[in-house]
There are 2 protein chains.
Amino acid sequence: MELDERKKTILKLIIATYLETGEPVGSRTISKFNDLNLSSATIRNEMADLEELGYIVQPHTSAGRIPTDKGYRFYVDNLMEEKEEAEVEKSTLLERVDRMELLLKQVAKVLAYNTNYATLVTAPNYRKTVKFIQLSKVDEATLLAVIVIEGNLIKNQIIPIDTILDNEDVLKFNILLNTFLQGASLEDINLEMINAMKKQSGEYSVILDQIFQGIVDAVNEANELEIYTSGATNILKYPEIGDISKTSELLEKFEDKEELSHLLEETTGNKDDFHDIQVYIGEENTVSNMEDCSIVTATYKMPEGAKGTIGILGPKRMDYKKVVSTLKNLTIELDDIFNKRKGVNDDG
Amino acid sequence: MELDERKKTILKLIIATYLETGEPVGSRTISKFNDLNLSSATIRNEMADLEELGYIVQPHTSAGRIPTDKGYRFYVDNLMEEKEEAEVEKSTLLERVDRMELLLKQVAKVLAYNTNYATLVTAPNYRKTVKFIQLSKVDEATLLAVIVIEGNLIKNQIIPIDTILDNEDVLKFNILLNTFLQGASLEDINLEMINAMKKQSGEYSVILDQIFQGIVDAVNEANELEIYTSGATNILKYPEIGDISKTSELLEKFEDKEELSHLLEETTGNKDDFHDIQVYIGEENTVSNMEDCSIVTATYKMPEGAKGTIGILGPKRMDYKKVVSTLKNLTIELDDIFNKRKGVNDDG
DNA sequence: TATTAGCACTCAAATCTTTCGAGTGCTAAC
DNA sequence: GTTAGCACTCGAAAGATTTGAGTGCTAATA
């Protein structure tokens, strides 16, 4: 059965009211909306239909109705109109920063602050290439390798060495490293390349090994999955999770970046919607312990087609309207930073 | 009234039992300890005395006794004998790391893992001096400043510039910067010094300003209070906090580094005990919302007399024995790393 | 045919009642 | 000084009662 207009209106009112109050919504409450002009009895009949169709459910016999996952889904897809442009306060809290890492951390923080939910942001899946590499002699026994990745992700690595090098040696290494590595993507840096470098340099085989080890370590670190989170403690504010042990599990899960990556990886780039905002409601989340949560994700795009994900984790009874519009604005702002202003990812 | 031996024994048994079970301890329970050979009635009399003296209290009329803050204090100061060396499993989980920052993060983590409490570690209050500074040209419009502080704390700063510099210019700046800044403590880097450098360099006044700005930013960042925390979610496991809103407040407080610094700052270097282990019980904590917590702190020392603090935050009903001995071992290990092995703070 | 008033019914939540038992304090005997 | 014995207390758990929001159904109405 298709939902007729009236059923849609009623369903929308039920869900909107429930989102506000968190209490099961009764027929009387709905019948009070003036523009409807229906008695509670009529609403009851409609509600019975909506329940049969699986959009709402009674937590117990003599209670009002609350939305099911299916109900939320219908609401998000068909009923929820988005906030008027005027209503949405532009955040503009993002400062310009040069380093992608800092920018994304900031995004997570601002978003958590604005929404009062837990937020997570992944770095874009762009092909990370070495922009610049610098080996310096800190003291007789120590080198410092600094690797700047495209997007100004910076990795430092202390390399203890046995052999004493003079400045000229270090300079030579720098030229060697930059010749080979500049512009190379991180995946390119393999044994083969290292061997080629070794061949070219000839001498210093032991120390070269130490240096390469350091650089490989740094590169691996740079290649690690980067997820920035913020507002984890907001999870404690979701009363529907209730049980402290459940909350605790959820919180721990939220701190486990490995787990979070699973949460987000399926989301990136499924559709080609405008900013690809997606909502995962309750059981739609494949990760365990998240049945009582919803996750809203958005995709931001970098000039070369690389994409990253921004996610908001909240209770099912989440202010979808606000979250979606906030995310939309944020991704617009981000795209702006990445593309027009030629900021973070400036190739120079 | 002084506590006689028997009262001490009974108090110790009461507290030890309570630490284990978390339930109020009754006279019958204590009378069952063989080596005591006293009836419950006698214990009751003694308990009445101990209560009058303020060491224990009844949560309600017909319940057993639980320790007061004063009781805990007496236990920690006089009754608790520390764990036998044999019982304590050496952690040895600390890997050698070159960078102070990473080491301290690891300390916090290992400690949280071992104790199941929330932990916090402050960086030592040593006079931070610049060990090495390196300016590099990343691309035409961007410089990268890398500053290595004593202890191998590394700060990176991206400096956007307007003027185009050739490599020789950069080299000149590097020499200039290192000449002035190497060995300088962070406090030394003030306007006066910067002006001196400017005078020496003569030209490029605009770009020098940009560079100095970047370096000052990085230095300020390095000078910021550094506190590393771990195991915050363990707070959720303290049942005595109970209320989720209280727990939540505590958790938020724990994530606020500013607040934490207050918590620890009074502790450093009060006494000159062996590793200066201190216990703050309940109301003894001046920070609000922490009345139901205890904090155990220890001091580690660096060769030049700099000190840092390691703290463990747990419920009042905390395993003081274990925590104190764990902290003792850890500080010994840390002192070992800092002093003997000449690791992290190696002056080269 | 759709809507509604009316009414009996349901059931969670709040409140009160009862029971139970661990633990106490006190007294009198040892 | 120690202990057995006993009356007493009071929280926690379990059960009983009340309340009220909400339902479904039926019969009357427009």
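Protein chains get the first letters and strands the later ones, always in sequence-line order, with residue 1 at the start of each. The shown structure was predicted, so the numbers you read here are calculated from the model rather than taken from an experiment.
- For DNA chain C, the neighbouring residues in residues 35-48 of chain B, judged by any heavy atom under 4.0 Å, are Arg44(B), Met47(B).
- Partners of Lys237(A) according to the side-chain hydrogen bond (donor to acceptor under 3.5 Å, both in side chains) rule, which considers only residues two or more places apart in sequence or in another chain, are Asn234(A).
- Applying the side-chain hydrogen bond (donor to acceptor under 3.5 Å, both in side chains) definition to pairs two or more places apart or across chains, those involving residues 9-21 of chain B are Lys12(B)-Glu81(B).
- Taking the 5' to 3' direction, DNA chain D first and last meets chain B under 4.0 angstrom from a heavy atom at dT2(D) to dG11(D).
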Anything under 3.5 Å between a protein N or O and an N or O of nucleotides 11-20 of chain C, put it in a table, one pair a line.
unit_1: dC11(C); atom_1: OP1; unit_2: Thr61(A); atom_2: OG1; d: 3.1
unit_1: dC11(C); atom_1: O4'; unit_2: Ser62(A); atom_2: OG; d: 3.2
unit_1: dC11(C); atom_1: O2; unit_2: Ser62(A); atom_2: OG; d: 3.1

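- Taking the ring-ring contact (aromatic ring centres under 6.0 Å, His included) definition, one finds that Phe74(A) meets it with Tyr55(A), sequence neighbours left out.
- Side-chain atoms of Glu284(B) do not come within 3.5 Å of backbone N or O of Gly282(B) as any donor-acceptor pair.
- Within residues 15-23 of chain A, no residue places a heavy atom under 4.0 Å from DNA chain C.
- Legend: residues meeting salt bridge (Lys or Arg N to Asp or Glu O under 4.0 Å) with Glu51(B), ordered by chain and number and at least two apart, are Arg65(B).
- The side-chain hydrogen bond (donor to acceptor under 3.5 Å, both in side chains) test applied to Ser62(B) returns no partner, not counting sequence neighbours.
- Using modelled atom types, one finds a donor on one side chain and an acceptor on the other under 3.5 Å when comparing Ser39(A) with Thr42(A).
- Ion pairing between a basic and an acidic side chain is recognised when a charged N comes within 4.0 Å of a carboxylate O; Glu5(B) and Lys8(B) show such pairing.
- Evaluation of the salt bridge (Lys or Arg N to Asp or Glu O under 4.0 Å) rule for Lys316(A) yields Asp69(A) as partners, not counting sequence neighbours.
- Between the Asn285(A) side chain and the Cys293(A) main chain, a donor and an acceptor come within less than 3.5 Å of each other.
- Sorted by first and then second residue, the salt bridge (Lys or Arg N to Asp or Glu O under 4.0 Å) pairs involving residues 30-45 of chain B (not counting sequence neighbours) form an empty list.
- Remark: Lys257(B) pairs with no residue by the side-chain hydrogen bond (donor to acceptor under 3.5 Å, both in side chains) rule, at least two apart or across chains.
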